[in-house]
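Here is the structure we will look at.
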Amino acid sequence: MRAVVVSAPGTAELVEAACRPPGPGEVRVRVAVAGICGTDRRLAARGADPPRIPGHEAAGHLDDGTPVGIHPDVGCGRCPHCLAGLENRCPDKRSVGLDRDGGLAEWLCVPAAHAVPVAGLDLRLVPLLEPLACCLHALSTLGVGRGDTALVVGAGSMGLLCMWALQAAGATVAVAQRSPERRALAARLGADVVLDPGQDPQAELGRAPSVAVVAAPGTEPLAWALAKVAVGGRVHAFASTPGGAPVDANVVHYRHLTVVGSTGSTVGDYRRARDLAASGEVPLARLPRSTVPLERAPAVLLGRDGHGALKITVDVEGTSQ
Ligand SMILES: [Zn+2]
Ligand SMILES: [Zn+2]
């Protein structure tokens with residue numbers, strides 16, 4: 001089968017790879033489409049030994065034709081986190097596309113429970129369910145409800161998916177973003193308020209946001225959110241930040257803040273993402289997306305292609321060429 005393989009740091013190649021048969025409890029998926037995100041680019045930059053097929057945002061068909069989306073966080077199934085249904089916290093989790101081979105290949109084998117049926121959804125949008133599931137998981141740690149005011153810092157694809165997820169939970173959402181183009185995009189996609197970091201969310205929203213999701217890396221966006229949420233507010237550190245993001249503990253202390261974090265999602269979050277997309281509450285088709293053939297995936301992974309695109313999906317099957 002054709003597959004993209006990451007080996008030495010800074011290498012990603014399209015190769016002819018062996019297609020392994022499904023193991024016990026696994027199903028085989030004929031991959032149709034897969035998304036590429038920062039996690040995949042970081043894997044390509046640091047390399048993989050043994051070599052790895054990336055792609056944790058995949059969709060395709062089972063042998064019987066059932067359309068499925070892949071939930072990538074595969075837990076051990078035995079530890080306290082897995083038994084509580086929080087496989088994304090499992091210390092021994094083996095995530096599809098990171099710790100085991102992923103969806104940038106014509107075939108993929110995953111545990112049956114992680115191939116989630118997605119009948120009725122446009123398969124080209126199904127790679128977006130994984131990042132949406134991560135947003136839903138993050139929101140579950142914030143306890144967002146109807147009537148909340150929320151602040152999203154950063155209008156990249158994750159920030160915009162969080163915006164829709166917060167709105168679906170009943171919140172009024174302000175999106176803060178430095179670039180005017182991205183601010184305009186957030187407004188077009190339905191942000192209740194857009195602002196640049198020089199503006200005050202409380203003034204724009206009418207009251208200080210009770211929750212914030214920081215979907216931009218670095219200390220500055222996190223520190224800004226900690227300063228701008230309401231006293232007693234809750235802030236999710238959602239962006240991965242190379243080198244860390246030190247913040248002033250006094251701000252947390254004197255403003256009575258709760259800082260939370262999470263990474264990945266559970267199968268339950270993935271199913272909720274599917275249902276929100278299917279009902280139209282989260283309008284995934286409106287997220288700007290560019291699609292490339294599998295041949296271009298290595299260049300995208302290595303940052304040599306796809307600049308400026310908000311979200312890139314890979315047409316693995318070659319149907320749209
Ligand atoms: Zn991702
Ligand atoms: Zn576990």
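Every number for a ligand or one of its atoms is a count from 1 in the order of the listing. We count residues from 1, following the sequence as given.
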(request) Using a 4.5 Å cut-off on heavy atoms from C-beta on, say whether the side chain of E130 contacts that of P72. (result)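 P72 vs E130: side chains touch.
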(message) For N/O/S atoms only: which one belongs to E57 and is nearest the Zn ion (ligand 1)?
(response)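 It is OE2, the N, O or S atom of E57 closest to the Zn ion (ligand 1).
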(message) Quick check: of its N, O or S atoms, which one does H56 have closest to the Zn ion (ligand 1)?
(response) NE2
(request) Can you tell me, to 10 degrees, how wide the angle at the Zn ion (ligand 2) is between SG on C82 and SG on C79? (result)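 Centred on the Zn ion (ligand 2), the SG/SG angle is 110° (to 10°).
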(message) Please report the interatomic distance CH2(W107) to CG(D101), rounded to the nearest 0.5 Å.
(response) 15.5 Å
(message) To the nearest 0.5 Å, what is the distance between CG on L125 and CZ on R289?
(response) 5.0 Å
(message) With respect to the Zn ion (ligand 2), please indicate if H81 possesses an N, O or S atom at a distance under 2.8 Å.
(response)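 It does not: H81 brings no N, O or S atom closer than 2.8 Å to the Zn ion (ligand 2).
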(request) Can you label the angle between the H114 ring and the H71 ring as parallel, tilted or perpendicular, going by 30° and 60°? (result) parallel
